[in-house]
Amino acid sequence: MDAIYLDHNASAPLPAGFDEIASKLLRETFGNPSSLHGSGRRSRRVINDATEEAAAYLGCHHHQLFWTSGASEANSWVIHSALARARREHPERAPRLIVSSIEHESVLLAANAAEEGGAIVERCPVDAHGVARLDVLESLLLEPADLVSIMYANNETGVIQPVAEVARLCSARAVPYHCDAVQALGRLPLVLEGSGITYASFSAHKIGAPKGVGFLAVTAKGRLLEPMIHGKQQKELRGGTENPFGAAMAGRILQALRKGKLTYPATELSAMHRRFEGELRGLIPGTVVHGEGVARLPNTSFVGFTGIEGDGVLMALDLEGVHASSGSACTSGSTDPSDVLLAMGCDANMARSSVRFSSGWGTTWEDFEKVLQVLPAIVGRARAASKAKGPSPSRRNIEVQL
Ligand code: PLP
């Protein structure tokens, strides 16, 4: 039995029709793109084409794109560059960064490291729906700042952030705006030119291209990037042999999307998710849909079920052939509550009891029907077990410590 894959926000499968393109590209891109011979030149051409394609899709210039090992690297690179620039241009004060409290951990941990190194880091809170508080951002921007980092759409809740307003506030104060647009790529309209976004980070594997590839767009002029990996490649700003195969796959998928040869079924997915959430609520009392009532990605339902541990439910779903997630892929496998839900004001039990279903190309209503068939019994068993057991050891420990 093929698994039902509802974890596209963690990583998306190859879109249908790309197998042959992938195997051809794999055969053709073995040459080192820095080599001068024909095999190297072929790999270089493939990267150049991919860069053109990604830039055409994003509405920016190909000179503004840099290939990375993924969005985590792109995010760290932006923060590293902002710190270096601040120290160079304003040696009289500590660098000051503003990040939203629901950023991906590659941003949050880079910000923590910056703080340990002497920077001031302000965390812009979100409201109960998971939307960044513009009023707080506005007041934080009254003092000099060197970077604002607020993502496009959250990977756990799917909640879309007020990117245009953030960009407007940042432009008014001439503060560079970094937008982690990983979950928006291919799913939401995205035009960088004129958007007011200074830096945007992307990851290839969220659109079905290989893992370990990403790109950073830098749309403004000036010295906005510092080398983080030293080497001759990519204008000596990002050294290391590029990944022609990975870049080409990302480029081909973006080209197909741009030309309408591949369609992201946003309307269909959105309708299926709304129906799924409605039916879940009817079948399982105490269902909470996080981020309900605000704009969300068409493909994401992050749902909490009072009185259970989300991880146990995930394992039971896995045994039924349903692959979902407890939120951020990096935290699955641990019983930590979702930081995003905690930032939205959820209590730790609810944050621990939540399961994310994220769909994409190839998902059908039958997939959701299967979940609706098995989930009520799984949640019922989990609730009964949790009642019989009492609070989990971790929660008991917290209570004892308190
Ligand atoms: N930013 C967001 C919003 C993500 O969802 C992810 C991946 O989960 C990343 C960054 C990291 O991307 P990568 O896996 O390419 O490092």
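Counting convention: from 1, in listed order, for ligands and their atoms alike. Keep in mind that what you see is a predicted model, and the values were worked out from it rather than measured.
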Quick check on contacts: which atoms of ligand 1 are under 4.0 angstrom from a heavy atom of [X]?
X: H205; result: 13 (P), 14 (O), 15 (O)
X: K206; result: 5 (O), 6 (C), 7 (C), 8 (O)
X: G70; result: 15 (O)

Short N/O distance, under 3.5 Å, between [X] and ligand 1?
X: N9; answer: no
X: A71; answer: yes
X: E73; answer: no

F368 and F276 aromatic ring geometry - parallel, tilted or perpendicular at 30°/60° bounds =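 Ring orientation, 0 to 90° scale: tilted.
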Salt bridge check, [Y] against [X]: does any charged N sit closer than 4.0 Å to a carboxylate O?
X: D7; Y: R356; result: yes
X: D347; Y: R352; result: no
X: R296; Y: E277; result: yes

Within the 4.0 Å heavy-atom cut-off, what M151 brings close to ligand 1 is side chain
Can you tell which part of Q183 has a heavy atom less than 4.0 Å from ligand 1: side chain, backbone, both or neither?
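It is the side chain that touches ligand 1; the backbone stays farther off.
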Who's closest to atom 15 (O) of ligand 1 heavy-atom-wise, of A10, S203, S76, S72?
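When every heavy atom of A10, S203, S76, S72 is considered, S203 comes closest to atom 15 (O) of ligand 1.
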**Q.** All ring-ring contact (aromatic ring centres under 6.0 Å, His included) counterparts of H63, not counting sequence neighbours
**A.**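 Only H61 meet the ring-ring contact (aromatic ring centres under 6.0 Å, His included) criterion with H63.
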Hits for side-chain contact (heavy atoms from CB on, under 4.5 Å) against E279, two or more places apart or cross-chain, chain-then-number order -> R275, W365, L372
Note to self: Can you confirm whether the side chains of N349 and T306 place a donor and an acceptor under 3.5 Å from each other?
What the structure shows: no
